[in-house]
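Labels below follow one simple rule: chain letters A, B, ... track the order of the sequence lines, proteins then strands, and each chain is numbered from 1.
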Amino acid sequence: MTIERPRGTRDFLPADSFRRGAVRKGMVELLERWGYQEISTPTFEHLELFTIKSGPSITEEIYTFKDKGGRDLALRPELTAPVMRMYVNELQKAPKPLRLHYFGNCFRYERPQRGRFREFWQLGAELIGSDRPDAEAEVIALAGELVGSAGVAGDLHIGYLGLIRSIMRMIPAAERPAVMKLIDKKERGLLAEKLQEMGRDHLGLQELLDLRGRRALDRAEELAEDLAEISEDLPPDEAAAGSRGPSTTDAAKDRSARSDRAAPTALNLPHFREVVDLLGIYGVEGTVDFQIVRGLEYYTGTVFEIYASGLGAQNQICGGGTYQLAGLLGGQETTSTGFGIGFDRIMEIVAVDETPPPPIAVVFVPQVKGEAVRVAKTLRHRLSAPVVLDVMGRGLGPQLKQASSIGAGYVVIVGPREVELEKFTLREMATGSQEALSIDEIAEKLGG
RNA sequence: GCCGGGGUAGGGUAGUUGGCCAUCCUUUGGGACUGUGGAUCCCAUGACCCGGGUUCGAAUCCCGGCUCCGGCCCCA
């Protein structure tokens with residue numbers, strides 16, 4: 001009996017790790033070039049951090065435990081909350097704006113399926129301290145470039161919650177979670193029925209959801225004006241003050257509970273229009289899409305998602321938006337824009353042709369082992385390629401065989417003759433050609 | 001939590017009307033070959049997901065569990 005990996009976790013073999021490292025490195029370089037600085041937070045946090053952000057029912061989907069001191073802790077299920085916790089704890093007085101990026105493993109207790117694991121990696125960035133369109137456009141453009149830099153064709157959708165929330169104020173509070181869910185699920189038929197049932201099918205909601213692209217903004221502005229007129233004869237607090245009614249799921253309960261402390265969402269379409277205009281200047285292609293809802297209430301307006309094909313049911317590779325979370329976590333409120341990228345999903349569709357550099361093997365005749373160790377030491381110091389030495393007690397022939405099977409490009413042969421002459425034999429494995437060179441000449445020839 | 005399809009050496013597989021030491025390829029270690037690799041040959045290591053049941057006898061049939069793959073729910 002062997003011990004298996006826990007469900008939903010993965011092992012990464014050398015080739016996997018190399019690919020992941022190469023892709024991550026490319027993304028980090030880009031983030032740094034945009035002025036974002038890397039941070040790290042703990043793998044586990046107080047459970048409360050996540051229940052404050054996402055509601056108590058989140059506990060069912062995360063790994064929680066009590067430590068020996070009786071503290072309720074949780075393996076982080078995402079990184080935005082920890083990053084904002086760090087901000088509140090130690091960076092509130094840092095000069096704004098703050099540009100941060102991060103990469104880390106996260107844990108969720110869910111049924112594994114394609115693109116979904118119990119341990120997964122998230123790469124993301126947060127721009128903290130600005131509520132201006134400039135900040136939002138920068139972050140969205142950055143997300144788009146990151147995905148593109150990995151060679152992934154992403155489909156960027158940008159949404160704005162302001163208008164939809166204004167419409168929601170015209171809908172009885174008890175019905176809002178259900179309506180939002182239908183929007184999110186893109187259940188247009190059911191949504192139409194629901195709105196008719198409530199006598200709210202004149203609000204323009206359905207038309208709004210179908211709007212796409214350039215003209216969407218003009219039409220959205222008209223809808224907003226119509227809405228202002230309608231709202232005069234439909235008291236918005238009609239139902240908001242009333243009882244909430246039975247919610248069907250815990251998630252819905254959380255959602256309606258959280259709406260009490262919803263971030264104020266002013267209906268500010270010119271703001272959103274500027275974000276879209278700036279993105280055009282950044283050269284990032286995206287689709288205006290008012291269907292993007294991203295359930296949580298701490299989002300203040302602009303939200304976005306990036307999808308990719310070839311991933312099966314879990315096709316979202318990036319999600320983000322502008323939010324206010326510092327206040328919830330006990331700090332002074334500030335506005336941030338950020339996103340998270342599902343690194344594992346990127347890895348499933350990315351094409352990486354980079355491979356590790358071929359190693360150089362120092363092969364030797366046993367009686368001059370000491371000299372071989374010295375040669376290897378010198379070469380490791382001078383070259384960036386891996387340099388390996390036999391540790392199996394093999395003879396010269398088997399060592400060459402081994403060098404061949406690990407894909408060595410060159411072999412440096414060290415024997416009594418070479419030691420005598422202070423010239424070692426450099427053998428190119430592909431051709432079998434050999435030449436006698438000093439250690440300096442070898443280092444130089446191999447790119448030292 | 002739900003639905004469907006799978007689990008035989010490290011990887012890929014044969015074998016299911018129950019029946020002799022579970023097949024082959026590859027990988028790994030050793031040898032032929034203690035100063036020159038890739039070929040070839042020989043030897044060795046290594047598996048029926050776990051637990052019950054039926055049976056004289058189970059990789060094979062039955063039940064339960066675990067797990068992988070795809071989907072649903074959920075998706076911060």
Side-chain angles (χ1 to χ4, degrees), chain A residues 1-11 13 15 49-62 74 76-84 106-118 120 122 124 181 184-185 248-252 254-255 258 293-299 303 305 311-317 319-321 323 325 328 338-340 342 345 361 363-368 372 390 392-420 424-434:
Chain A
M1 255 300 275
T2 54
I3 296 174
E4 304 294 333
R5 231 183 298 133
R7 177 165 207 200
T9 62
R10 290 157 298 159
D11 293 315
L13 301 180
L49 173 61
F50 303 110
T51 55
I52 285 177
K53 177 175 179 253
S54 305
S57 73
I58 198 69
T59 309
E60 289 163 30
E61 281 135 65
I62 62 188
R76 58 187 179 198
E78 46 114 5
L79 287 166
T80 301
V83 168
M84 289 313 291
C106 301
F107 307 83
R108 295 184 189 178
Y109 193 82
E110 292 184 295
R111 182 88 162 73
Q113 65 184 72
R114 178 153 194 198
R116 172 183 287 182
F117 305 95
R118 288 185 170 182
F120 60 98
Q122 226 177 48
K181 182 163 178 144
D184 198 31
K185 290 284 144 200
T248 46
T249 65
D250 286 347
D254 283 354
R255 211 163 278 154
R258 267 177 276 135
V293 170
R294 294 194 71 74
L296 294 179
E297 300 294 337
Y298 50 74
Y299 284 107
V303 289
E305 297 183 342
L311 277 170
Q314 307 295 324
N315 70 337
Q316 189 188 320
I317 53 175
Y323 59 87
L325 213 44
L328 268 182
F339 60 82
R345 293 182 187 174
V363 313
F364 56 93
V365 175
Q367 53 271 39
V368 293
D390 176 64
M392 301 284 280
R394 288 174 170 136
L396 193 68
Q399 283 185 46
L400 272 163
K401 184 172 183 163
Q402 166 70 7
S404 173
S405 67
I406 63 171
Y410 288 88
V411 153
V412 178
I413 298 170
V414 180
R417 291 206 289 269
E418 283 82 359
V419 173
E420 178 96 9
F424 304 98
T425 304
L426 180 66
R427 179 182 179 87
E428 185 179 2
M429 293 300 276
T431 62
S433 63
Q434 299 190 164

(request) Nearest whole angstrom, please: distance from the P of A76(B) to the OH of Tyr299(A). (result)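 Value for this atom pair: 7 Å.
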(request) Round to the nearest Å and state the distance from Tyr298(A) atom OH to A76(B) atom P. (result)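 Those two atoms, OH and P, are 8 Å apart.
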Write down the distance separating the [atom1] atoms in [N] and [M], rounded off to the nearest Å.
N	M	atom1	result
U55(B)	G12(B)	P	37 Å
G37(B)	G46(B)	C1'	27 Å
C24(B)	C41(B)	P	15 Å
C2(B)	U60(B)	P	26 Å
A59(B)	U17(B)	P	15 Å
C69(B)	C42(B)	C1'	41 Å
G29(B)	C68(B)	P	30 Å
U54(B)	U13(B)	P	35 Å

(request) Please work out if Glu110(A) contacts a base, only the sugar-phosphate, or nothing of the nucleic acid, heavy-atom cut-off 4.0 Å. (result)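 Contact class for Glu110(A): base.
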Under a 3.5 Å limit for both distances, which nucleotide forms a Watson-Crick or G-U wobble pair with [N], could you say?
N	answer
G1(B)	C72(B)
U67(B)	G6(B)
G35(B)	none

(message) I'd like to know if the side chain of Arg345(A) and the backbone of Gln316(A) have a donor-acceptor N/O pair within less than 3.5 Å.
(response)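 Yes; at least one donor-acceptor contact below 3.5 Å.
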(request) Report yes or no: does Ser54(A) contribute a side-chain atom to a donor-acceptor pair with the main-chain N or O of Thr51(A) at less than 3.5 Å? (result)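 Judged by distance alone, no pair lies under 3.5 Å.
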For [X], which residues count as a side chain to side chain donor-acceptor pair (under 3.5 Å) partner, sequence neighbours excluded?
X	answer
Arg394(A)	none
Arg114(A)	Glu348(A)
Glu418(A)	Thr425(A)
Glu4(A)	Thr2(A)

Atom pairs under 3.5 Å, N or O on each side, protein against nucleotides 6-8 of chain B: can you list them with distances?
none

(request) Scan nucleotides 27-38 of chain B nucleotide by nucleotide, 5' to 3', and note B when protein non-hydrogen atoms come under 4.0 Å of the base, S if they reach only the sugar-phosphate, - if neither. (result) --SS----BBBB
For nucleotides 65-72 of chain B, give me every protein contact, N/O to N/O, under 3.5 Å, one pair per line with atom names.
residue: C68(B); atom: OP1; partner: Gly8(A); partner atom: N; Å: 2.9
residue: C68(B); atom: OP2; partner: Arg7(A); partner atom: NE; Å: 2.9
residue: G70(B); atom: OP2; partner: Arg114(A); partner atom: N; Å: 2.9
residue: G70(B); atom: O6; partner: Arg111(A); partner atom: NH2; Å: 3.4
residue: G71(B); atom: OP1; partner: Ala313(A); partner atom: N; Å: 2.7

According to side-chain contact (heavy atoms from CB on, under 4.5 Å), who are the partners of [X], at least two apart in sequence or on a separate chain?
X	answer
Pro112(A)	Arg7(A), Arg118(A)
Gln113(A)	Arg116(A), Ala313(A), Gln314(A)
Gln367(A)	Val365(A), Pro416(A)
Glu61(A)	none

(message) With a 4.0 Å cut-off on N to O distance, would you call Glu78(A) and Lys53(A) a salt bridge?
(response)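 So Glu78(A) pairs with Lys53(A) through a salt bridge.
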(request) Could you note down all residue pairs passing side chain to side chain donor-acceptor pair (under 3.5 Å) where residues 397-414 of chain A supplies at least one of them, sequence neighbours left out? (result)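 Residue pairs with at least one partner in residues 397-414 of chain A: there are none.
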